[in-house]
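The structure appears below as structure tokens.
To find a chain, count down the sequence lines: A is the first, B the second, and so on, and within it residues start at 1. Scope of the values below: all heavy atoms of this structure, side chains included, with no hydrogens, waters or symmetry mates.
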There are 2 protein chains.
Amino acid sequence: MTKQLRDHIERVVPLSDTEFEMISSFFSLKRYKKHQFLIQDGEPVPCNFFVLKGLLKLVYTNDAGKEHIVGFAQEDWWETDFAAYYTESKATMSLECIEDTEVLCLRLIDYKKMCAAVPKLEHFFLEKAYQGFISAQQRIISTMTVGIKERYEQLLKKYPTLVQRVPKSLLAAYLGVSREALSRLPQ
Amino acid sequence: MTKQLRDHIERVVPLSDTEFEMISSFFSLKRYKKHQFLIQDGEPVPCNFFVLKGLLKLVYTNDAGKEHIVGFAQEDWWETDFAAYYTESKATMSLECIEDTEVLCLRLIDYKKMCAAVPKLEHFFLEKAYQGFISAQQRIISTMTVGIKERYEQLLKKYPTLVQRVPKSLLAAYLGVSREALSRLPQ
DNA sequence: ATTATCGAGTGACAAAAGTCACATCACTGC
DNA sequence: GCAGTGATGTGACTTTTGTCACTCGATAAT
């Protein structure tokens with residue numbers, strides 16, 4: 001069951017059986033249906049979520065009520081409103097299922113206990129944080145430097161499987177353009 | 001001299017005198033003049049830089065030769081082409097002085113040795129990485145959800161001192177718009 | 001089976017921003 | 001002092017993108 005999580009962590013830091021037993025005791029499994037919310041804008045953020053199966057969207061809704069996709073999360077990805085999670089404040093985004101989804105939930109208290117119990121996990125999360133930072137910075141650069149068509153092509157190249165699971169209207173909301181603009185791309 | 005670095009680190013993790021002595025032995029002080037490059041696009045990235053005094057710009061230049069500002073760095077900020085630094089590959093960006101600048105340089109090998117010698121530093125860098133990720137994500141949201149005027153106002157509010165030290169043409173290149181568009185904002 | 005709903009494409013028009021050209025002002029270096 | 005450079009603002013025009021309205025086809029719900 002949680003072999004998936006163990007494999008995921010061990011791609012960065014090796015674990016003994018007892019270490020992983022300890023780790024897995026801090027997570028809880030939850031199942032959500034399509035259209036259900038894991039995080040509601042304006043409410044506390046209960047967990048950081050590790051996706052076992054399914055697909056999520058992290059959505060920021062502006063004052064005008066327009067939805068912008070901050071990120072997607074498919075199998076083996078972590079997702080949450082990280083700023084709110086880590087500072088224990090209210091969510092500014094929502095996290096919603098695009099498909100029926102199974103996640104492992106990690107509360108902030110348990111994250112801290114877990115890192116205290118197995119210190120090498122801080123190294124794992126450091127690697128994840130570096131990856132997240134690099135990805136975010138590359139997305140900023142992509143937005144600034146290339147047109148819609150190339151951004152869409154970069155997305156196709158980087159996440160080919162994800163693109164096929166997500167409607168184009170949501171991809172447009174992720175790329176920061178209207179669905180019409182994305183629809184009008186040559187080819 | 002390096003009290004500045006110690007204070008900076010101790011805002012996250014407390015250090016003994018011997019720990020800090022160890023830490024400071026891994027850094028080297030360098031001075032650069034306005035217009036000098038700390039990182040050249042296409043070359044290896046020697047260091048992660050901690051700014052003691054001065055002001056830097058991290059620049060991505062696209063195929064058309066247009067410059068885009070990925071970030072600025074003033075006193076007590078860390079800056080480098082992180083993706084290239086951490087993976088020991090060639091830089092895709094340049095890091096250049098906007099003012100005469102003093103930095104503490106940390107090579108990747110020394111970063112690793114230092115973290116091995118003083119493990120709690122991984123926690124410090126984890127905090128920095130989380131901050132960097134959150135900032136980058138908020139910048140993405142800002143770009144997607146609000147117009148130029150509000151982005152500029154958010155920048156003013158978040159980094160009031162920095163804005164005064166940087167020409168508006170560079171701020172425009174940071175915000176992702178032409179300098180004319182920024183210049184034409186009402187008020 | 002027949003309504004709804006959703007995803008997707010398209011035309012017409014408006015709004016926003018980019019590009020190019022030019023003018024001004026402050027500062028630097030000789 | 002004076003020429004050169006860089007920062008800034010502005011007008012004119014073009015290009016891109018957003019918005020609104022409509023259509024079509026596939027899928028889901030009853």
Report yes if the side chains of A:Q4 and A:L104 come closer than 4.5 Å at any heavy-atom pair, otherwise no.
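They are not in contact (no side-chain heavy atoms under 4.5 Å apart), so the answer is no.
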Please check if the side chain of A:E122 supplies one atom and the backbone of A:C115 the other of a donor-acceptor pair under 3.5 Å.
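The answer is no, because no donor-acceptor pair under 3.5 Å joins these two groups.
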Does any N or O in the side chain of B:K120 come within less than 3.5 Å of the main-chain N or O of B:P14, such that one atom is a donor and the other an acceptor?
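Yes: the side chain of B:K120 pairs with the backbone of B:P14.
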Report, one pair per line, the protein and nucleotides 7-10 of chain D atoms (nitrogen or oxygen only) whose separation is under 3.5 Å.
residue: D:dT8; atom: OP1; partner: B:K168; partner atom: N; Å: 3.2
residue: D:dT8; atom: OP2; partner: B:K168; partner atom: N; Å: 2.7
residue: D:dT8; atom: OP2; partner: B:S169; partner atom: N; Å: 3.1
residue: D:dG9; atom: OP2; partner: B:S183; partner atom: OG; Å: 3.3
residue: D:dG9; atom: N7; partner: B:R179; partner atom: NH1; Å: 3.1
residue: D:dG9; atom: O6; partner: B:R179; partner atom: NH2; Å: 2.8

Roughly, in whole Å, what's the span from [atom1] in [X] to [atom2] in [N]?
X      : N      : atom1 : atom2 : result
B:L185 : C:dA16 : CG    : C1'   : 12 Å
B:E99  : D:dG6  : CD    : P     : 17 Å
B:L175 : C:dA17 : CG    : P     : 12 Å
B:M144 : D:dG18 : CE    : C1'   : 16 Å
B:K149 : C:dA17 : NZ    : C1'   : 17 Å
A:E67  : C:dG7  : CD    : P     : 11 Å

Cationic tip of B:R165 above B:Y159 ring, under 6.0 Å, 45° of axis
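Judged by the rule, B:R165 and B:Y159 form no cation-pi pair.
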Ion pair check, B:K33 and B:D100, cut-off under 4.0 Å:
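Result for this pair is yes, salt bridge flagged.
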Do B:K90 and B:D81 meet the salt-bridge criterion of a basic N to acidic O distance under 4.0 Å?
no
If you apply the rule side-chain contact (heavy atoms from CB on, under 4.5 Å), what do you find for B:W78 with B:H8, and how did you get there?
CA-CA 11 Å; B:W78 295 84; B:H8 175 72; 2.9 Å; yes
Please tell me if B:K34 has a side-chain N or O lying less than 4.0 Å from either OP1 or OP2 of C:dT28.
no
On the nucleotide C:dG18, are OP1 or OP2 found under 4.0 Å from the side-chain N or O atoms that B:K66 carries?
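Indeed not, no polar side-chain atom of B:K66 lies that close.
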Nucleic acid contacts of residues 152-165 of chain B, taken as heavy-atom distances under 4.0 Å to DNA chain D
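Of all residues in residues 152-165 of chain B, none places a heavy atom under 4.0 Å from DNA chain D.
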Over 60° means perpendicular and under 30° means parallel, so tell me whether B:Y86 and B:F82 are parallel, tilted or perpendicular.
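B:Y86 vs B:F82 ring planes: parallel.
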Could you tell me the separation between the CG atom of A:D63 and the CD atom of B:E150, rounded to the nearest 0.5 Å?
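Reported value, rounded in 0.5 Å steps: 8.0 Å.
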